[in-house]
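To keep things clear, I will list the structure first and then write my remarks on it.
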Amino acid sequence: MPETIRRYIDSRMAGSASTLEIIEGISHEFHIPARTAYEMLQEYLLLQRPRCL
């Protein structure tokens, strides 16, 4: 995932944006399909989860 998209998601999460707002924003700002934006958000959230040993 590009760092610019990661920073975009960070800023929207800090502002308490909804999932739909984040997906629509990524899609619009970076000119990518909403499905791809959704998958990027999923990847971002998976990487943010604490890992269990």
Side-chain angles (χ1 to χ4, degrees):
M1 171 184 313
E3 185 62 29
T4 53
I5 294 177
R6 188 180 319 276
R7 285 193 310 260
Y8 180 88
I9 296 171
D10 283 340
S11 70
R12 295 311 179 267
M13 295 285 282
S16 300
S18 72
T19 301
L20 184 58
E21 290 171 330
I22 295 171
I23 292 168
E24 288 175 339
I26 294 169
S27 180
H28 176 76
E29 291 291 321
F30 300 99
H31 308 285
I32 59 175
R35 178 67 185 190
T36 303
Y38 171 76
E39 291 168 353
M40 289 180 159
L41 181 56
Q42 279 186 317
E43 177 185 340
Y44 172 89
L45 293 172
L46 285 172
L47 292 173
Q48 299 304 312
R49 286 189 352 200
R51 297 186 189 270
C52 298
L53 296 177

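Count residues from 1 along the sequence.
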Do you know which two heavy atoms are closest between M13 and Y44, and how far apart they sit?
CG-CE2, 4.3 Å

Distance, nearest 0.5 Å, that separates CD of E24 from OG of S18:
7.5 Å

Side chain to side chain contact (heavy atoms under 4.5 Å, CB included) between R6 and L47: does it pass, once the steps are laid out?
CA-CA 11 Å; R6 188 180 319 276; L47 292 173; 3.9 Å; yes

CD1 of I26 to CD1 of I9: how many Å apart, nearest 0.5 Å?
4.0 Å

Would you mind writing out the side-chain donor-acceptor pairs for residues 29-43 within the sub-3.5 Å range, not counting sequence neighbours?
| residue | atom | partner | partner atom | Å |
| --- | --- | --- | --- | --- |
| R35 | NE | E39 | OE2 | 3.2 |
| Y38 | OH | Q42 | NE2 | 3.1 |

